Amino acid sequence: MKTICRRVVLGLAAAMLMAGSAGAVYAASVVQVSLWDKGASTEMPMGLAYAAPGLDLAKATMGIKALPGAVKAGAVTFNVKNDSKDAVHEMIVMYLADPSKPLPYVEAENRVDEDKAGDKGEVSELDPGKSGTLTVDLKAGKYLLICNVPGHYGAGMWAEFTVEP
């Protein structure tokens, strides 16, 4: 029994070392993402969706901040933190096939149609103060990071993100 356990432990250790060294060779770009809002008591404005006519993000009571705002194509790791004190938020990576056009929106649900919009991955609903991580392989182009909790995207909770060749 001890021999079997040692073999399993040694096999796991070898696998971890190989994965670790592979990760060093193919290191991902790392992006720090903050999901923020001004508190639940603040009125949530609408009409602040990406590419909306007359867009004035100064009115936004919530948003997404990503640093850096541009990375090289390949594996990208998003370290996402919900900096809200009282609201659940999420972060979804959307590819913008045409950056001049708004994302497809479902008015009745007050949210983006994720299936039609080009969803590349997400960190699902995060409770206030919680964090999550997402690693995705992204090609060069324009992306939008959004929170698709009903009403949040339309209130300005999105950020442009660029992946360079």
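Predicted, not measured: the structure shown is a model, and the values here were computed from it.
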Practice prompt. Show your reasoning for whether side chain to side chain contact (heavy atoms under 4.5 Å, CB included) applies to T77 and T133.
Written response: CA-CA 7 Å; T77 297; T133 301; 3.5 Å; yes

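- Here the shortest heavy-atom pairing between G74 and D137 reads C-OD1, 3.0 Å.
- For the pair K120/M94, no side-chain contact is recorded, criterion being any heavy-atom separation below 4.5 Å from C-beta on.
- Nearest heavy-atom pair across P165 and A140 is N-CB, 3.8 Å.
- We find the CG-NE2 distance between L48 and H152 to be 13.0 Å, quoted to the nearest 0.5 Å.
- Nearest approach of P45 to A60, heavy atoms of both residues: CG-CA, 4.4 Å.
- The backbone N or O of K116 lies less than 3.5 Å from a partner atom in the side chain of D113, making a donor-acceptor pair.
- F161 and I146 fall into different hydrophobic clusters, where Ile, Leu, Val, Met, Phe, Trp and Tyr residues are linked whenever their side-chain heavy atoms come under 4.5 Å apart, directly or through other members.
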Practice prompt. Check the pair N79, V31 against side chain to side chain contact (heavy atoms under 4.5 Å, CB included), reporting the backbone distance first and the verdict last.
Written response: CA-CA 6 Å; N79 291 328; V31 180; over 6 Å; no

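- Taking CG of L126 as the reference point, atom OG of S131 lies at 7.0 Å (rounded to 0.5 Å).
- Stacking of K139 on the aromatic ring of Y95 is recorded, both the 6.0 Å distance cut-off and the 45° axial limit being met.
- Across all their heavy atoms, S84 and P128 have their closest contact at O-CB, 3.2 Å.
- Crowding of E164 atom CD: a count of heavy atoms from other residues, nucleotides or ligands under 6.0 Å exceeding 12.
- Note: K81 NZ to L35 CG = 10.5 Å, rounded to the nearest 0.5 Å.
- Through ILVMFWY side-chain contacts below 4.5 Å, V30 is grouped with nothing and stands alone.
- Under a hydrophobic-cluster definition in which Ile, Leu, Val, Met, Phe, Trp and Tyr are linked whenever side-chain heavy atoms come within less than 4.5 Å, directly or via other members, V88 and M44 are assigned to different clusters.
- Neither Y143 nor V112 shares a network with the other; the hydrophobic side chains, linked directly or stepwise wherever heavy atoms of I, L, V, M, F, W or Y lie under 4.5 Å apart, form separate groups for each.
- Rounding to the nearest 0.5 Å gives a distance of 12.0 Å between SG of C147 and CH2 of W36.
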Practice prompt. Start with the C-alpha distance between M62 and K38, add both sets of side-chain angles, then the distance that settles side chain to side chain contact (heavy atoms under 4.5 Å, CB included), and finish with yes or no.
Written response: CA-CA 6 Å; M62 55 181 57; K38 295 182 179 176; over 6 Å; no

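- Hydrophobic clustering (side-chain heavy atoms under 4.5 Å, transitive across Ile, Leu, Val, Met, Phe, Trp, Tyr) keeps W158 apart from L138.
- Considering all non-hydrogen atoms of both residues, L134 and G121 come closest at CD2-C, 3.6 Å.
- Between the CD1 atom in I92 and the CD atom in E114 there is a gap of 3.5 Å [rounded to 0.5 Å].
- Heavy atoms only, all atoms of each residue included: S100 and A51 are closest at O-CB, 4.1 Å.
- For residues 106-125, no residue pair satisfies the ring pair (Phe, Tyr, Trp, His ring centres under 6.0 Å) rule, not counting sequence neighbours.
- For N148 and E90, the side-chain atoms include no donor-acceptor pair closer than 3.5 Å.
- Counting heavy atoms from C-beta on, the side chains of V136 and F78 come closer than 4.5 Å.
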Practice prompt. Could you walk me through whether L145 and V93 pass the side chain to side chain contact (heavy atoms under 4.5 Å, CB included) test, one step at a time?
Written response: CA-CA 5 Å; L145 309 179; V93 179; 3.8 Å; yes

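- One finds the OH atom of Y50 at 8.0 Å from the CG atom of L103 (value rounded to the nearest 0.5 Å).
- Between the side chains of T162 and K142, at least one donor N or O lies within less than 3.5 Å of an accepting N or O.
- Tested against Y153 for a side chain to side chain contact (heavy atoms under 4.5 Å, CB included), the candidates I64, N110, L144 yield a single pass: L144.
- The cluster map of Ile, Leu, Val, Met, Phe, Trp and Tyr, joined by side-chain heavy atoms under 4.5 Å apart, puts L57 and M46 in the same cluster.
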